[in-house]
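Report on the following structure.
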Amino acid sequence: MQKINITLADGSIRQYDHGVTAMDVALSISEGLARNVLSASVDGEIWDASRPIEKDASVRLFTWNDKEGKATFWHSSAHLMAEALEALYPGIKFGIGPAIESGFYYDVDTGSVTLTPEDFPKIEQKMLELARNKSAYVRKKVSKADAIKYFTDKGDEYKLELIDGLEDGQITFYTQGNFTDLCRGPHIPDTSPIKATKILNLAGAYWRGDEKRKQLTRIYAITFPKAKELTDYLEMIEEAKKRDHRKLGAELELFMFSEKVGQGLPMWLPKGTQLRERLQNYLRAEQEKMGYQMVVTPHIGAKALYVTSGHYAKYGADSFQPIKTPKEGEEFLLKPMNCPHHCEIFAVRPRSYKELPLRIGEFGTVYRYEQSGELHGLSRVRGFTQDDAHIFCTKDQVKGEFLQVLALTTKVIKKMGFENFTAQISLRDPENPDKYIGSDENWQAAEQGIIDAVSEFDIETVTEYGEAAFYGPKLDFMIKDALGRSWQLGTIQVDYNLPERFELEYIGADNQAHRPVMIHRAPFGSMERFISILIEHTAGKFPLWLTPDQYAILPISDRLIPYSEKIKSILGQHDIRGFIDDRTESIGRKIRDAELKRVPLMLIVGDKEAENNQVSVRRQSHGDIGSMSINEFISYFEQLLEE
RNA sequence: GCCAGUGUAGCUCAGUUGGCCAGAGCAGCUGAUUUGUAAUCAGCUGGUCGGGGGUUCGAAUCCCUCCACUGGCUCCA
């Protein structure tokens, strides 16, 4: 028997018989490992653990603890769900059924039947019942003709369309139990590890993502190898619901919406406004240290401005339509972007190279028409404020400026308590050049500028093609919140195009006119979206420096109100802000309400404290800290502020 | 915008197959209580049941339509 060399993840090389499977390899290492292997990669390609390896290869084994192992597990679960659906709803047709970040979905055409959440338990039961059969996932190569015949007989036009796009000789089917699917694989060895399952929700999804085509029913679900993991997952979902910024925003009176004002138009209540302005003040101060200058521009601009910038051609039809002056009929647009205004500020007078880089910042409120179905709390709205700035610089300065923005952004994100973040480099889609404006040379220069700058900065990056803005490539910051969910935050964009469109120039040292480069950047992205993420990340327990009320003084009885006022005034002199709960309520009640309002520090004052010039300190979600003098409290506070 | 779902008091929710003046808790108001580390007690106020139209002797309940919200899809300068 011919032998082949298998290189394992730890770099060791072992010899096996020709045709060995990853499962055999695992078994040769340990039985426990073999039990847990879900899939493998062979020379970087994800394979079934049961697929024979026919040449020297480097093999990695994936279990539930690997991202790849989970993906295989969920993909196989999608097939299991499909089998269950076919058993319960004969004639059902299938679109695609991939694994996603948490779980999987299958797009199905149920014909005349409409699925509802009441159907979920029976689908779940059927899945578990089928899983217990320990059906193997069997891979089979099929010819294109046979594949077409199979799905023609079955009457599944979606699969036929998928097959149409595949090459003969590359088509594989997978069968488990009574269900056969067109599938590239890989799959887990058999259905038995699928021990817990939950159908999560239903949604409409266009076939192949095309809104002109038929809408299928997308069934989202998740499965686990252990029942406990499902319970934990469902608890996490519950926790996420509790932290939902729409719920907390209303409870903490941060912001509101009103039907009368209009969809997607948030209004900031006093507490939310405090929070937001504190964030802005912080960012403004950081930016001013870095040489930014603030400006203010109007909320509307002449239509011609956006024709010049190219935004009108690109988005005009899908925007709020122009408003007109009553007599002259001149057209103005609600400002969807600040950059054209800032370009005009640059052009206010001839600029010298000595002024560059010129960093123009604005907390600019913009209005964008978002489709009604897109609106979501504060994270997707029609009127929002960007923490925007545009840096006008020379080509030689781009890298340095980009690095400065990277430094600013990471500093700000860390200050907000996010530890876990990565950068996504968003480049052009090489297959769709028409989506973009500007010359190839400019794009190349801009893309290379980003890549060069980021390579010098210590940050984990991923590159995505087709995610660039229409006028230039971007670097987007992705953060992970306390529940492990990913969010896109701020962005940095290098732009050679707008300066050209606005014919911006500066006079160089050579006394010649040159075109500046523009960097667009917004560390938070928008105040609205950022605050929505911050609320969910902190569950409403904002950092002490940022929170609207830092303390609540809770007098035990009404006669302690004068003493409470004295404390409040002393704390005010130290820039410590808060309020007195002067209601005639029990102390238990006042504590409960302050806890629910997420007030970080509660100062309970009774006769004892008043006699000794003390306060009894209680920390939100920590409990009783003990009594201390007012000065001691101030140092305690300042110490907490440092943390 | 599309698919599915939801819409009862400021909030959370009850309201059997259509049938007396639509209910509760919390919040609010009034009064009493002056309280020691997560809800003091009592009374009261509050709803054209999302808007409009229809079916019916009778609609919160059934139908149509519009609006908003929720979960997705598509989109995101």
Side-chain angles (χ1 to χ4, degrees), chain A residues 105 107 114-117 200-220 241 244 246-247 250-251 253 256-260 262-264 306 309-316 318-319 335-340 366-377 379-382 384 386 388 437 467-472 474 488 491 493 495 497-498 520 522 525-526 529 554-561 583-597 602-609 616-627:
Chain A
Y105 65 80
D107 284 347
T114 307
L115 289 176
T116 72
L200 297 169
N201 53 9
L202 296 170
Y206 301 110
W207 170 232
R208 312 209 101 176
D210 182 346
E211 63 182 305
K212 290 182 193 69
R213 306 203 57 184
K214 180 156 183 172
Q215 191 148 24
L216 305 180
T217 304
R218 177 165 296 179
I219 309 175
Y220 284 90
K241 268 190 205 154
D244 190 315
R246 293 166 298 185
K247 183 170 138 68
E251 277 171 19
E253 300 194 309
M256 63 171 284
F257 291 89
S258 153
E259 269 187 48
K260 284 191 186 130
Q263 268 190 297
Y306 304 100
S309 72
H311 290 104
Y312 190 77
K314 182 82 181 169
Y315 295 104
D318 297 317
S319 296
K335 176 167 77 173
M337 286 294 287
N338 302 302
C339 30
V366 297
Y367 301 90
R368 295 180 184 175
Y369 170 76
E370 304 284 0
Q371 299 185 96
S372 59
E374 274 316 317
L375 301 170
H376 178 93
S379 36
R380 195 77 184 267
V381 288
R382 285 179 173 169
F384 58 96
Q386 296 179 311
D388 211 359
I437 59 166
E467 295 291 313
F470 75 96
Y471 52 74
K474 303 193 283 184
Q488 185 187 321
T491 175
Q493 304 168 8
D495 181 3
N497 288 310
L498 273 192
H520 309 242
S526 88
R529 184 176 161 75
L554 313 180
I556 295 274
S557 89
D558 291 353
R559 68 174 173 279
L560 276 311
I561 289 176
R583 295 174 303 168
T584 308
E585 282 291 350
S586 70
I587 193 65
R589 176 52 172 274
K590 291 180 183 179
I591 287 168
R592 179 181 152 83
D593 288 347
E595 287 276 351
L596 291 176
K597 279 194 227 152
M602 286 154 269
L603 306 179
I604 294 151
V605 297
D607 293 329
K608 260 188 292 176
E609 285 76 16
S616 172
V617 180
R618 182 186 164 99
R619 237 180 119 182
Q620 203 268 343
S621 63
H622 288 74
D624 195 359
I625 302 291
S627 291

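Labels below follow one simple rule: chain letters A, B, ... track the order of the sequence lines, proteins then strands, and each chain is numbered from 1. Basis for what follows: all heavy atoms, side chains included, without hydrogens, waters or symmetry-related copies.
Residues passing the ring-ring contact (aromatic ring centres under 6.0 Å, His included) test with Tyr105(A), sequence neighbours excluded: Tyr220(A). Among residues two or more places apart in sequence or in another chain, the side-chain hydrogen bond (donor to acceptor under 3.5 Å, both in side chains) test is passed with Asp607(A) by Arg559(A). Contacts of Asp244(A) classified as side-chain hydrogen bond (donor to acceptor under 3.5 Å, both in side chains), with partners at least two apart in sequence or in another chain: Arg246(A). Residues satisfying the side-chain contact (heavy atoms from CB on, under 4.5 Å) test with Ser379(A), not counting sequence neighbours, are His245(A), His376(A), Arg529(A), Ser532(A). Not a single ring-ring contact (aromatic ring centres under 6.0 Å, His included) links Phe257(A) to another residue, sequence neighbours left out. Applying the side-chain contact (heavy atoms from CB on, under 4.5 Å) test to Asp558(A) and every residue at least two apart in sequence or in another chain returns Ile561(A), Thr584(A). Applying the side-chain hydrogen bond (donor to acceptor under 3.5 Å, both in side chains) rule to Lys241(A) yields the partners Glu238(A); only residues at least two apart in sequence or on another chain are considered. Residues meeting the side-chain hydrogen bond (donor to acceptor under 3.5 Å, both in side chains) test with Asn338(A), sequence neighbours left out: Lys335(A), Gln386(A), Asp388(A).
Of the possible polar contacts, none joining the Arg382(A) side chain to the Tyr367(A) backbone as a donor-acceptor pair under 3.5 Å is found. In this structure a side-chain-to-backbone donor-acceptor pair under 3.5 Å is missing from Asp495(A) to Gly472(A). Put simply, the side chain of Asp107(A) never gets that close to the backbone of Ala205(A): no donor and acceptor are under 3.5 Å apart.
Among Lys590(A), Arg619(A), Arg589(A), Arg618(A), the one residue that satisfies the salt bridge (charged side-chain N to carboxylate O under 4.0 Å, His left out) test with Glu595(A) is Arg618(A).
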Quiz item: Under a 3.5 Å cutoff on both atom distances, Watson-Crick or G-U, what's the dot-bracket for RNA chain B ([ ] crossing, | other strand)?
Solution: (((((((..((((.....[...)))).(((((.......))))).....(((((..]....))))))))))))....

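Across Trp207(A) and Leu216(A), no two heavy atoms sit closer than the pair CE3-CD1, 3.7 Å. Heavy atoms only, all atoms of each residue included: Val605(A) and Leu560(A) are closest at O-CG, 3.6 Å. Between Ser616(A) and Glu609(A), the closest heavy-atom pair is CB-OE2, 3.5 Å.
Computed from coordinates, the Arg368(A) CZ to C75(B) P distance equals 17 Å when rounded to whole Å. When rounded to the nearest whole Å, the span between CD of Gln493(A) and P of C76(B) equals 13 Å. Between Leu554(A) atom CG and A39(B) atom P there is a gap of 13 Å when expressed in whole angstrom units. Atom CZ of Arg382(A) is separated from atom C1' of A77(B) by 16 Å (rounded to the nearest Å).
G15(B) and C41(B) are spaced 29 Å apart, taking the C1' atom of each and rounding to whole Å. Rounded to whole Å, the separation between the C1' atoms of G18(B) and C13(B) comes to 22 Å. The gap from the C1' atom of A4(B) to that of G46(B) amounts to 35 Å, rounded to the nearest Å. Taking the C1' atom of each, G1(B) and U17(B) are spaced 38 Å apart, rounded to whole Å. Nucleotides C73(B) and G58(B) are separated by 46 Å at their P atoms, to the nearest Å. Between U55(B) and A59(B), the two P atoms lie 11 Å apart (nearest whole Å). Of the C1' atoms belonging to A27(B) and U34(B), the separation is 23 Å, rounded to the nearest Å. Here the separation of U8(B) from C62(B), taken at their P atoms, is 15 Å to the nearest Å.
Neither OP1 nor OP2 of C76(B) sits under 4.0 Å from any side-chain N or O of Gln371(A).
Residue whose closest nucleotide on RNA chain B sits further toward the 5' end, between Leu216(A) and Phe470(A): Leu216(A).
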Quiz item: Can you give one letter per nucleotide of nucleotides 32-38 of chain B, going 5' to 3': B for a protein heavy atom under 4.0 Å from the base, S for sugar-phosphate only, - for none?
Solution: -BBBBBB

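Contact annotation for Phe257(A): no contact, since no heavy-atom pair falls under 4.0 Å across all strands. Residue Ser319(A) is in base contact, counting any heavy-atom pair closer than 4.0 Å across all strands shown.
A donor N or O paired with an acceptor N or O is found under 3.5 Å between the base of C75(B) and the side-chain atoms of Arg380(A).
Comparing C76(B), A68(B), A77(B) against the side chain of Ala469(A) picks out A77(B) as the nearest.
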Taking only N/O atoms, report every protein-nucleotides 6-14 of chain B pair under 3.5 Å with atom names and distance.
none

Using the 3.5 Å cut-off, write out each protein N or O paired with an N or O of nucleotides 71-73 of chain B and the distance between them.
{"unit_1": "G71(B)", "atom_1": "OP1", "unit_2": "Arg246(A)", "atom_2": "NH1", "d": "3.3"}
{"unit_1": "G71(B)", "atom_1": "OP1", "unit_2": "Arg246(A)", "atom_2": "NH2", "d": "2.8"}
{"unit_1": "G71(B)", "atom_1": "OP2", "unit_2": "Arg246(A)", "atom_2": "NH1", "d": "3.3"}
{"unit_1": "G71(B)", "atom_1": "OP2", "unit_2": "His376(A)", "atom_2": "ND1", "d": "3.3"}
{"unit_1": "G71(B)", "atom_1": "O2'", "unit_2": "Asn201(A)", "atom_2": "ND2", "d": "2.7"}
{"unit_1": "G72(B)", "atom_1": "O3'", "unit_2": "Tyr220(A)", "atom_2": "OH", "d": "3.0"}
{"unit_1": "G72(B)", "atom_1": "N2", "unit_2": "Gln215(A)", "atom_2": "NE2", "d": "3.1"}
{"unit_1": "C73(B)", "atom_1": "O4'", "unit_2": "Gly204(A)", "atom_2": "O", "d": "3.1"}
{"unit_1": "C73(B)", "atom_1": "O2'", "unit_2": "Tyr206(A)", "atom_2": "N", "d": "3.2"}
{"unit_1": "C73(B)", "atom_1": "N4", "unit_2": "Glu374(A)", "atom_2": "OE2", "d": "2.9"}

